[in-house]
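Every value quoted in this text rests on a predicted model; they were computed, and no experiment measured them. Below, read A as the first sequence line, B as the second, and so on, with proteins coming before strands; counting in each chain starts at 1.
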Amino acid sequence: MNVDIVVPNQTRYLRLIGNIAEQIAKELDTNDHDPDMLAYHLNLVLTEAVANAIEYGGDEGPDKTVKVCLSIEDKELRIRVYDHGQGFDISSLPTPAIDQLNERGRGIFFIKNIMDSVVYHPSEDGNVLEMHKTLK
Amino acid sequence: MKLETQTHSGQVVIAVKEERLDAHNSSELKDRILRVLEEGGRRLVVDLADVKFIDSSGLGALLSGYKNASQRSGSFILSGLQPRVRSMFELTRLNRVFEIYPRLQEAISSHSVT
């Protein structure tokens, strides 16, 4: 299954993206995950990734978009989220420390916690946050 | 964003009447908390009973409220976390930072002036 979604570069569409993620989660064939928790987790991953793409993609505007590509093949879930901003170094992001109480910096932490692998790199379509998870 | 602010037993209760607390609306909650503090509120309860989904920016808005209240020697507590929402606090260990009550009434009575 392949699903490509293009939404305007505006946070008001996070709810839509999250709802789509939850619907896709319900279609997944997996024994090792509580369906409701998997739905929440996919909602969270897509919400965080698209919110990052909007933030790093520069100013919000009707002509700017965020592209999300989901694919599921043989229990392999792959999610790619593209942005056209200047990018960031994903490896330099620290794990949030409980004693520092930073208001930011937990989005990628959530994604890394939920997905099996996360990489961020330039591509022909802009920067891409590429996430992978094996469903058992 | 739908936020309801009421005073109960000397405490200001901000009820988040939304299913999602995310990067789209969390700054409004952050601003409302700050305004309550600037207006002199010192004992705040944020009721999340209607919230089914929270992301990192929602947690950030609550942390901002906690820090701003602490700086003013105020109290800042949470109530009504649904299980999925609570799991996000546990994943980030923020359940050790916030004082959390299952229900609003328990949060109010725990900090009532006697």
Item to complete: Answer with side chain, backbone, both or neither: which region of A/N52 has an atom nearer than 4.5 Å to a non-hydrogen atom of chain B?
Response: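 Nothing of A/N52, per the 4.5 Å heavy-atom cut-off to chain B.
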Worksheet item: Does any heavy atom of chain B fall under 4.5 Å from the side chain of A/R104, the backbone, both, or neither of them?
Response: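 For A/R104, no heavy atom lies under 4.5 Å from chain B.
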Under 4.5 Å heavy-atom distance to chain A, tell me which part of [X] shows up: side chain, backbone, both or neither.
X     : value
B/K30 : side chain
B/D22 : side chain
B/L62 : neither

Discussion item. Using every non-hydrogen atom in the two residues, find where A/L14 and B/A23 come nearest and quote the distance to one decimal.
Written reply: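 Shortest heavy-atom separation between A/L14 and B/A23 comes out as CD1-CB, 3.7 Å.
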Practice prompt. Identify the heavy atoms of B/T92 and A/F109 that sit nearest to each other, and give their distance.
Written response: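 What the structure gives for the nearest pair is CG2-CE2, 3.9 Å.
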Worksheet item: Under a 4.5 Å cut-off applied to non-hydrogen side-chain atoms, are B/M88 and A/Y40 in contact?
Response: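 The answer is yes; the side chains approach within 4.5 Å.
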Worksheet item: Would you say the side chain of B/L59 lies within less than 4.5 Å of the side chain of A/F110, judging by non-hydrogen atoms?
Response: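 In contact.
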Fill in: Same apolar cluster (I L V M F W Y, side chains within < 4.5 Å links), A/V45/A/L16
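A/V45 clusters together with A/L16.
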Fill in: chain B interface, residue from A/D36, A/N102, A/V50 that has the most non-hydrogen pairs under 4.5 Å
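It is A/D36.
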Worksheet entry | From CA spacing to verdict: side chain to side chain contact (heavy atoms under 4.5 Å, CB included), B/K52, A/N43 | CA-CA 11 Å; B/K52 294 179 178 172; A/N43 186 340; over 6 Å; no
Worksheet item: Which of residues 73-85 of chain B have a heavy atom under 4.5 Å from any heavy atom of chain A?
Response: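 Against chain A, the residues of residues 73-85 of chain B that fall inside the cut-off (heavy atoms, under 4.5 Å) are B/R84, B/V85.
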